[in-house]
Amino acid sequence: MIGRDLLGIEDLPRDDIERILDTAERMREIGGRVVKKVPTLRGRTMVNLFFEASTRTRSSFEIAGKRLSADVVNFSPASSSLKKSESILDTARTLDAMDPDLVVVRHSVAGVPKRIADVLTAPVVNAGDGAHEHPTQALLDLLTVRQEKGRIEGLTVTIVGDILNSRVARSNIYGFRKMGAEVRIAAPPPMVPPHVEALGVKVFTSLRDALSGADVVMALRIQTERLSGACIPSVREYSATFGIDRAKLHYAKDDAIVMHPGPVNRGVELSHELTDDRPSVILDQVRNGVAIRMAVLYLFAGRRSQPSRGGAA
Ligand code: NCD
């Protein structure tokens, strides 16, 4: 995978997903040591290029790079020449001329990481582009489920909430389907993307039916920054119908786990209690995020001889 881009799960073969998860399992052990550093990527440089807000993703890429001894540069658009109208592609080319071995990109517009990848010699990892994809989030979610359940194949995964505006939902749909899980989505009709059944998911507007027999319940944040019109009558109504609390969780299997990519709107998608306690595994997801990003850096970092110009994902 060295020198390839990681732009989405849609184009990532199942074998590659398994290899990344297996590598992340080994990386996780490093985080449990007193000295959390190995020399694997010594002398390599990675650049974090985040044009959109982030807590978990940006800091875990940075920690992942540092644990592998890479030199990590955090580019912040607010204090860059973007403020002097330099274009995103020129900014990316400028950074590429400094010979990084990997560039991590987050942007609010779908497709920007791909556009950047096309002009860079460094491989690009998509850290979330608009409502399109967020591949490392799906990988860390797959790892968390595999650890909790011992497998992914044959499980029933119900994703609840703002599917339409969620890159996390899209990447997880591809990922869990490829790994052989049944994927259901439950949302108010305006939050269901058109033709989503074509991705192999079952669509429910009744939460009770969607949760019946589920092994994994994944709640998503209402993406207020991406809501173009009034998708839902009110947050209170959404929470009464689709918010997950202990009472509604009873519809799922007795040993179902609850996931959320964060940040959580407490009391909206998830009750306060479920946000903090098992069976929710939110902080395990965060911990696995570092291991997945270490695996991705290890497997993908390395310069290619020329820009990809639309090369393999
Ligand atoms: C998600 C994101 O930014 O796409 N958060 C994350 O990366 N953990 C989900 C969200 O913002 O709701």
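Read the numbers this way: they start at 1 and go in the same order the structure lists the ligands and their atoms. Quick note: numbers below take in every heavy atom, side chains included, and nothing from hydrogens, waters or symmetry partners.
- When each atom of ligand 1 is checked for a heavy atom of H134 under 4.0 Å away, the hits are 2 (C), 4 (O), 6 (C), 7 (O).
- The side-chain heavy atoms of L139 and L6, taken from C-beta on, include a pair separated by under 4.5 Å.
- R293 forms a cation-pi arrangement with F61, by the criterion of a distance under 6.0 Å to the ring centre and an angle within 45° of the ring axis.
- Below 4.0 Å from some heavy atom of P261 lie the following atoms of ligand 1, by number and element: 8 (N).
- Near T57, the atoms of ligand 1 lying under 4.0 angstrom from a non-hydrogen atom of the residue are 6 (C), 7 (O).
- Taking the charged nitrogens against the carboxylate oxygens, E18 and R146 have no contact shorter than 4.0 Å, which rules out a salt bridge.
- More than 12 heavy atoms of other residues, nucleotides or ligands sit less than 6.0 Å from atom CG of D99.
- Residue contacts with ligand 1 for R106 involve side-chain atoms from C-beta outward but no N, CA, C or O (heavy atoms, distance under 4.0 Å).
- Close approach of ligand 1 to V168 is summarised as follows: ligand atoms under 4.0 Å from at least one heavy atom of the residue are 1 (C), 4 (O), 9 (C).
- Not a single heavy atom of G128 lies less than 4.0 angstrom from ligand 1.
- Distances from ligand 1 to the non-hydrogen atoms of E52 include no value under 4.0 Å.
- Between F75 and T91, some side-chain heavy-atom pair lies under the 4.5 Å cut-off.
- A 4.5 Å side-chain heavy-atom check between P261 and R221 finds every atom pair outside the cut-off.
- Annotation for ligand 1: atoms under 4.0 Å from non-hydrogen atoms of Q137 are 6 (C), 7 (O), 8 (N).
- Considering backbone and side-chain atoms alike, G262 places an N or O below 3.5 Å from some N or O of ligand 1.
- Between D284 and Q147, the side chains place no donor N or O within less than 3.5 Å of an acceptor N or O (distance only, hydrogens not considered).
- Of the polar atoms of R221, at least one N or O is found under 3.5 Å from an N or O of ligand 1, judged by distance alone.
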